[in-house]
Amino acid sequence: MAFLPRARMGAVKRTFRTLDETRVLLAVARGEAPPDLLVTGGEILNVYSGEVLRGSVAVAAGRIAYAGPRAVQPGPGTTLVDARGRVVAPGYVDPHAHPHALFTPTAFARAVLPLGTTTVVSDSLPLLYLTPPERTADLMAALSALPVRFFWFLRLHGQSHSPLDDRLITDDRLAGLRAVDQVRTVGEVTRWPLVHAGDETLLRRIAASLTDGRRVEGHAPGVSADRLQVLAAAGISSDHEAITAEQALDRLRAGLYVMLRHGSLRPDLPALAAVAQAGRAFSGRLMVTPDGPSADFIASKGYLDHVIQVALQLGLDPFAVYQMATLNPATYYSLDEELGGIAPGRRADLLLLDGLDRPRPHLVIAGGRVVARDGRLEAPIPDPPWDAWLRPYTSGSWRPSASLFTLDGLPDPAPAMHLENSVIASRRDVGIRGGLPPGVQLLTLVDPAGHWRCRGLLSGFADEVGGLASTYATAAGVYALGRHAADMAAAASRALDLGGGIVWVQNGEAIFELPLPLGGMMSPRSVAEVGAAVQRLTDLLRARGYVHDDISYTLLFLGFDSLPYVRMTYQGLWDVMVGRAILPREELSGECPARPDETRG
């Protein structure tokens, strides 16, 4: 196997240890002082050399002081970890995480830490929208101090047309957050057509990020090899949207790093595995990520441990696979002297595995402490005071009436978003002269304060839904879909009463509720509890014809303005390919007395 040179980032600040910590590490490494924690009897996976070597790992001040064959002597206060019969591996590093998928980042951390993920580079968009600008950096730092290390990719724009973007995603705010040490990169740049076309705002923000030494994460589904060259020239450095080996190879040829994705929305590894063969497997340019899997996926299958297991079952080289989940992302983010491997000076994030073919750990050590054993968390991961950190979804008293959810005024035929899969929607025109045909819903996006609405139709979703409302969305507003105006109004009103949530009302009765009181996007419940709720919603919808894979992403991406071909956004029912509203937003100035600044919308 060949180990090829790895590129490094230069200007980004790195997290260094103190001089006192260095003195402690030297004393333990020389054998002059006992370690705080000592792992003995195991075989150490060295992701730097591509070997498994028998030895001991001595830990002091939360870092590795020694990892090698010498017999290290413990002291009376040393925590001893017997690794006989097991492989000691580095903690897993997710290069592209979305830890706000109906649950909180802390609930996410409690779920994935026992599965071996000790570091994530996380999406910042929910924080940009939900936190007051003066508190965002503090919340980032607080989450980064947890046993699961949080780093961040900083969004340069929103994901749906929103009245918030000009106020919350500004050059000044971005400049301040780029100075935060935990912010390692900017992106993901989902509006790649604007970059390709030379949009001045995005190019200016990319240039400022590059000047500050930040990489630029891409998001370019279906982009041709020729256009990838343009995006690379603009400064894009990585992409996670390849769904075939040839697309992944196009990205490598353009000089991009490639994140191979396998999660609830896109289980793509079987199609991508061919690119990770021979020398390319060890190029350092490949990483693996579950890319924000749903709660039920994490609860039933796992996280990065599951992705590694799938990669191994596909026959990829085990050393290459473990590098893709540890050293490669650490190196990409210029954190490889801090984490990503088992070597002196690195943070002591260690996993005890029953073998390289069994990536779910028996024991997890994070920052030099045992934090999980046999899938059970043993270290506290406290919640921050969410009510103090997050802005409420709405503070207004307005609630929608059934008159907002009618076909009155829509053209005949009316344009519909037709779901081709969980998230991709094409346009279909549907005749409505005699009412809604079977299998077609009215889709309405309503301002939480009642100042505007956007309407269209939705097909390919399910049959006989009375009213399903959701505040879990990339767009400002409450989505309500269904066939009965009274049920839609009741569901939307209940979601607002809850401070955010997903509510289904059928024939006047609420048959499903998932409260999302944290910014209208997150539940305070555990990932397992949220996963059970998502599964129940899926089961209810499957009984009415929902055939797609991931209902949480269906709801979240109704307004995602970079996905083809039709979206429901704040600008109206939007044609993504031509960049215009098919049905524009309708102003409802007489609906309510609340001020626009009372809500997210």
Which atom names give the shortest non-hydrogen contact between [X] and [Y], and what distance separates them?
X    : Y    : answer
W386 : P105 : CH2-CD, 3.8 Å
A60  : V28  : CB-CG2, 3.8 Å
R285 : G255 : NH2-O, 2.5 Å
P361 : L115 : CD-O, 3.3 Å
P114 : A111 : CD-O, 3.6 Å
V321 : L316 : CG2-CB, 3.5 Å

Do the side chain of [X] and the main chain of [Y] share a donor and acceptor less than 3.5 angstrom apart?
X    : Y    : answer
R86  : G41  : no
S237 : V216 : yes
D20  : T18  : no
D549 : S264 : no
Y322 : L356 : yes
R205 : L156 : yes
Y303 : V307 : no
R63  : L25  : no
S144 : F151 : no
R391 : Y129 : yes

Heavy-atom side-chain contact between [X] and [Y] under 4.5 Å:
X    : Y    : answer
Y332 : M259 : yes
D305 : Q309 : no
V121 : F150 : no
D94  : P290 : yes
T538 : Q535 : yes
V288 : M324 : yes
P95  : F153 : no
P99  : S122 : yes

Between [X] and [Y], does at least one N-O distance fall below 4.0 Å, as a salt bridge requires?
X    : Y    : answer
E337 : R346 : no
E338 : R17  : no
R266 : D291 : no
R84  : E43  : no

Exercise. Decide side chain to side chain donor-acceptor pair (under 3.5 Å) for T136 and T131; before the verdict, give the C-alpha distance in whole Å, the side-chain angles of both, and the deciding distance to 0.1 Å.
Key: CA-CA 6 Å; T136 308; T131 60; 2.7 Å; yes
Quiz item: What do the steps show when you test E217 against T185 for side chain to side chain donor-acceptor pair (under 3.5 Å), and what is the final call?
Solution: CA-CA 7 Å; E217 303 303 298; T185 182; 3.0 Å; yes
Practice problem: Would you check, one step at a time, whether the test side chain to side chain donor-acceptor pair (under 3.5 Å) holds for E529 with S526? | Solution: CA-CA 5 Å; E529 291 171 316; S526 71; 3.2 Å; yes
Quiz item: So T474 and L125, side chain to side chain contact (heavy atoms under 4.5 Å, CB included) or not? Walk me through it.
Solution: CA-CA 9 Å; T474 61; L125 187 60; 5.8 Å; no
At what distance, to the nearest 0.5 angstrom, does [atom1] of [X] lie from [atom2] of [Y]?
X    : Y    : atom1 : atom2 : value
D383 : R110 : CG    : CZ    : 4.5 Å
Y553 : S422 : OH    : OG    : 10.5 Å
S49  : I44  : OG    : CD1   : 10.5 Å
L174 : D172 : CG    : CG    : 9.0 Å
Y393 : M521 : OH    : CE    : 9.5 Å
T119 : D349 : OG1   : CG    : 5.0 Å

Self-check item: side chain to side chain contact (heavy atoms under 4.5 Å, CB included) between L37 and V370, intermediate numbers included
Solution: CA-CA 9 Å; L37 180 142; V370 174; 4.3 Å; yes
Quiz item: So L252 and V275, side chain to side chain contact (heavy atoms under 4.5 Å, CB included) or not? Walk me through it.
Solution: CA-CA 10 Å; L252 291 174; V275 81; 3.9 Å; yes
Exercise. Apply the test side chain to side chain donor-acceptor pair (under 3.5 Å) to residues D354 and H362: give CA-CA distance (whole Å), side-chain angles for both, the deciding distance (0.1 Å), then the verdict.
Key: CA-CA 7 Å; D354 290 332; H362 157 69; 5.5 Å; no
Quiz item: Aromatic ring centroids of H219 and F560 under 6.0 Å?
Solution: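 Between H219 and F560, the centre distance is under 6.0 Å.
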Quiz item: Hey, is CZ on R358 packed in by over 12 heavy atoms from elsewhere, all under 6.0 Å?
Solution: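 No.
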Quiz item: Quick check: are there more than 12 heavy atoms from other residues, nucleotides or ligands sitting under 6.0 Å from CZ of R369?
Solution: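 Counting other residues, nucleotides and ligands, CZ of R369 stays at 12 neighbours or fewer.
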Exercise. Please step through side chain to side chain contact (heavy atoms under 4.5 Å, CB included) for the pair R149 and T118, ending with a clear verdict.
Key: CA-CA 6 Å; R149 293 284 295 279; T118 55; over 6 Å; no
Exercise. Let me see the working for H98 and F108 under ring-ring contact (aromatic ring centres under 6.0 Å, His included), right down to the final yes or no.
Key: CA-CA 9 Å; H98 296 276; F108 165 84; over 10 Å; no
